[in-house]
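Letters go in sequence order (proteins before strands), and every chain restarts at 1. Keep in mind it's a predicted model, so treat the numbers as computed, not measured.
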Amino acid sequence: MSSPGLNQTDALIEQLEAALNPRQLEAVTYGDGPLLVLAGAGSGKTRVLTFRVAYLVAASDIPLHDIMAVTFTNKAAGEMKERLGELLGSAVDRMWVGTFHSLCARVLRRHLDAIGIRGDFVIYDADDSLRLVKRIQNDLAISTTDYPPRQIRGSISRAKNDLIDVEIYDQRARGSYQHVVTDIYKKYEKRLRSHNALDFDDLLVMPVRLFEERPDILDLYRNRFRYLLVDEYQDTNHAQYILLSMLASAHRNLCVVGDDDQSIYRWRGAQVRNILEFESEYPDAKVVRLERNYRSTANILRAASGVVTNNVSRKSKRLWTDREPGAPVVVVQAIDERDEATQVARRVLDLRTKGHSLGDQVVLYRINAQSRAFEETLTSNGIPYRIIGGLRFYERREIKDILAYLRVAFNPLDELSLSRIINVPPRGVGERSLQQLRSFAEERGITLFDAVLICREDDPPMELDLRGRARAGLKALGELLADLRSKIQDHHVGELTAATVKTLQIIEKLEEERSLEAEGRIENIKELLAATQAYQGSDGKGSTGEFLEEVSLVTQVDEAEFGGELLTLMTLHCAKGLEFPVVFIVGVEDGLLPWHRGLKDPEELEEERRLFYVGMTRAKERLVLTYASSRYQGGFGMGSQGVSRFLKEIPSDCISKGDFSVRSTPRWRKPSRPKPQPRIEGEAVLDYSSSQVPPSVILAMGKRVKHPEYGTGLVVARHGFGSDLEVDVRFSDGGIIRFPAEGSGLKPLGFEE
DNA sequence: CATTTAAAAGTTTTT
DNA sequence: CTTTTAAATG
């Protein structure tokens with residue numbers, strides 16, 4: 001690809017200059033040396049980052065090959081690449097863009113031998129490492145009630161992110177808890193190595209170790225990357241900080257962009273200190289402040305600023321806008337979480353008539369569990385929605401089970417995955433047979449995987465005393481694994497997945513169950529089959545290893561497809577970096593937002609305040625805040641500690657007074673009995689025919705529908721999936737008729753009972 | 001050994 | 001209220 005001609009370059013530079021304000025331009029065109037861009041919410045930092053790269057290439061003739069950019073999601077990375085491709089009109093594949101985790105994985109794959117990894121590694125997600133911790137506690141006879149595995153895992157993870165290895169942890173360990181952690185940490189690391197696996201934290205830690213031990217390899221990278229750009233710098237942890245220092249140590253062209261007010265990941269090791277002390281770390285750093293907000297109306301911005309200024313530890317800054325005041329921030333008091341959901345639904349529909357499509361609106365909450373009340377209300381009112389986060393696709397049980405087969409075939413040393421699938425689907429291999437197999441492997445000094453392969457033999461060795469069912473089961477498993485293993489290198493991942501699903505008869509078995517749950521699983525498995533078949537790795541060959549890596553590094557936002565006529569629901573954390581015309585923040589109550597722990601610890605409280613601030617500043621046109629006077633909390637009855645203290649920090653003149661009332665309800669109020677699901681009055685507002693809503697959503701179980709010939713009826717059963725979907729509808733005369741979901745003329749019947 | 005049933009325990013946020 | 005773990009049954 002030839003570089004743009006001189007005229008073209010000039011035109012591009014001119015274009016950049018015209019599109020930017022003076023501050024942004026300063027950041028984009030600043031020359032060599034460390035650069036700190038303090039970018040307030042909505043001040044166009046993503047544009048600055050992208051344009052800076054474009055400028056480096058166009059004006060200074062820096063090859064994309066020499067630039068690395070770190071983004072917060074893979075999606076953001078993709079968008080940046082796409083935009084750069086448009087701006088520069090050339091291939092951008094030579095530039096390294098991605099999240100810390102995916103870039104690190106890339107580095108590690110290139111130096112497997114140097115990090116002491118034989119063959120190839122698999123990546124353990126949070127669930128995998130938790131399983132590993134549990135298993136170890138079991139082996140070491142450490143009570144999981146006295147020492148909750150989640151907490152242990154958290155301690156190990158935090159230590160790793162702070163670059164505290166087992167030896168240092170051991171030296172510093174004080175008290176019985178830390179000594180127990182030491183024992184588990186030791187074994188945990190040992191198992192990871194013997195399984196040829198890396199956990200999420202290893203992805204950051206191992207490159208640091210690699211660069212420490214092999215200065216020659218570090219040189220390779222620090223000489224290559226003449227320019228480093230990092231987004232969301234306020235959320236980097238210690239390991240990431242060190243990594244950046246190492247990479248920047250040759251050229252010192254480190255450009256970090258962030259906003260200390262938006263730091264929300266302290267709990268997973270992020271250190272705001274990294275951004276606050278950037279200037280003392282790099283005394284010659286140029287600092288550019290972006291304080292002009294282009295996103296939100298003046299009212300929204302004033303409300304958000306009013307809240308965040310209550311934080312003590314922050315760099316002072318003043319966001320401003322010349323936009324119109326806009327609608328006031330609406331505060332809604334609800335009776336309980338159901339009422340809250342109903343009120344939100346009502347407003348969503350109202351705003352829809354005012355030109356904000358469902359896709360323009362988002363509901364943000366503090367914890368995933370809050371989504372349930374909304375799902376119920378939205379479903380029963382026929383409002384289509386999508387949830388981002390929660391249980392991820394690739395973390396679902398049936399999906400992880402199938403992936404575990406691929407992982408074992410890819411890396412036979414992965415004993416965690418192997419023991420996961422050894423009896424899934426049930427093949428008569430219980431604790432006993434597994435133990436049998438383990439000790440056999442140990443005796444012979446072979447891996448568990450090889451032991452399973454030996455089970456294929458017609459006359460297995462005498463030592464391997466297995467009973468009938470287990471023996472047959474392991475034989476079949478051994479054959480499948482041997483087959484997968486032999487094909488792993490030169491067969492497409494879709495082929496291997498299909499072979500696994502077919503051999504194990506997974507779909508057939510689920511179909512026998514005939515339950516709604518099984519139906520959902522089948523749908524997921526078909527989606528996995530489609531995804532693997534469509535997969536093309538970097539070389540277009542669909543390598544299983546590459547697929548597995550990609551799958552373990554997708555972020556929650558990556559998975560989501562935006563657009564379409566769907567209301568979006570997600571946590572405040574997920575909303576980072578996004579923007580919506582209409583934002584609802586729900587559950588704005590003490591104990592929830594701020595979360596309980598924040599009420600005790602001042603630093604936590606500030607983080608909760610920042611989280612609220614992040615949520616508020618996602619809104620472009622309208623912001624609605626809701627809270628409930630009482631809230632159902634699991635089985636423990638009601639709890640709501642009343643309006644959030646943060647709400648009182650919003651200047652009263654940018655709030656809609658009509659709905660604002662701060663009277664608190666008596667704490668001793670009896671929990672109200674579950675009421676029938678409230679319905680929104682009126683005719684159906686949504687015109688499904690014009691939207692992109694799939695029939696599977698419209699024709700959900702229990703939905704009221706209308707047929708042009710037969711009149712109104714109720715969906716009582718569903719058969720098949722996707723375009724094969726058929727539904728049984730019971731009409732008022734009691735007759736049940738089966739229709740194909742598409743082209744049947746069935747229409748949803750709004751909100752009447 | 002697997003499946004079913006009963007009791008118990010657990011709930012922030014995520015790469 | 002849901003999910004996970006333990007015990008009891010087939």
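Across all strands, A:K576 comes closer than 4.0 Å to no nucleic acid atom at all (heavy-atom distances). If you check every strand for non-hydrogen atoms under 4.0 Å, A:F100 touches nothing. If you check every strand for non-hydrogen atoms under 4.0 Å, A:R432 touches sugar and phosphate atoms only. At the heavy-atom level, A:N423 lies under 4.0 Å from the strands shown only through sugar-phosphate atoms. A:T73 comes within contact range of no nucleotide atom at all, as no heavy-atom separation falls under 4.0 Å.
Counting non-hydrogen atoms of neighbouring residues, nucleotides and ligands closer than 6.0 angstrom, the CZ atom of A:R432 reaches no more than 12 such neighbours.
Under 4.0 Å is where a charged nitrogen must lie from a carboxylate oxygen, and between A:R645 and A:E608 no such pair does. Salt-bridge formation is detected for the pair A:R131/A:D127: a Lys NZ or Arg NE/NH1/NH2 atom is positioned less than 4.0 Å from an Asp or Glu carboxylate oxygen. Under 4.0 Å is where a charged nitrogen must lie from a carboxylate oxygen, and between A:D259 and A:K45 no such pair does. The pair A:D128-A:R407 counts as a salt bridge, with a side-chain nitrogen and a carboxylate oxygen less than 4.0 angstrom apart.
Looking at which nucleotide of DNA chain B each of A:S433 and A:R597 is closest to, the 5′-most match is held by A:S433.
Following rounding to the nearest Å, A:L592 (CG) and B:dT13 (P) show an atom-to-atom distance of 11 Å. Per the geometry, CZ belonging to A:R610 stands 18 Å off P belonging to B:dT13, to the nearest Å. Nucleotide B:dT13 holds its P atom 11 Å from the CD atom of A:E608, rounded to whole Å. Here B:dT14 presents its C1' atom at 10 Å from CD1 of A:I264, a figure rounded to the nearest Å. Nucleotide B:dT14 holds its P atom 15 Å from the CD atom of A:E232, rounded to whole Å. Put simply, OH on A:Y233 is 21 Å from P on B:dT15, counting in whole angstrom units. As rounded to whole Å, 5 Å separates atom P of B:dT13 from atom CG of A:N368. Atom P of nucleotide B:dT11 and atom CZ of A:R150 are separated by 5 Å, given to the nearest angstrom.
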**Asked** side-chain hydrogen bond (donor to acceptor under 3.5 Å, both in side chains) between A:N274 and A:T236: does it pass, once the steps are laid out?
**Response** CA-CA 7 Å; A:N274 292 346; A:T236 50; 3.1 Å; yes

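Inspection of the A:E375 and A:T379 side chains reveals no N or O donor paired with an N or O acceptor under 3.5 Å. If you check the side chains of A:D202 and A:Y124, you find no donor sitting under 3.5 Å from an acceptor.
If you look at A:F72 and A:Y265, their ring centroids are closer than 6.0 Å.
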Between N or O atoms, less than 3.5 Å apart, protein on one side and nucleotides 3-9 of chain B on the other: list the pairs.
none

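For the pair A:I123 and A:H101, the minimum side-chain heavy-atom distance is 4.5 Å or more.
A stacked arrangement is assigned to A:W267 and the six-membered base ring of B:dT13, with a centre-to-centre distance below 5.5 Å and an interplanar angle below 30°.
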**Message:** Both atom distances under 3.5 Å, Watson-Crick or G-U wobble: I'd like the secondary structure of DNA chain B as a dot-bracket string, with | for pairs made across strands.
**Reply:** ||||||||||.....

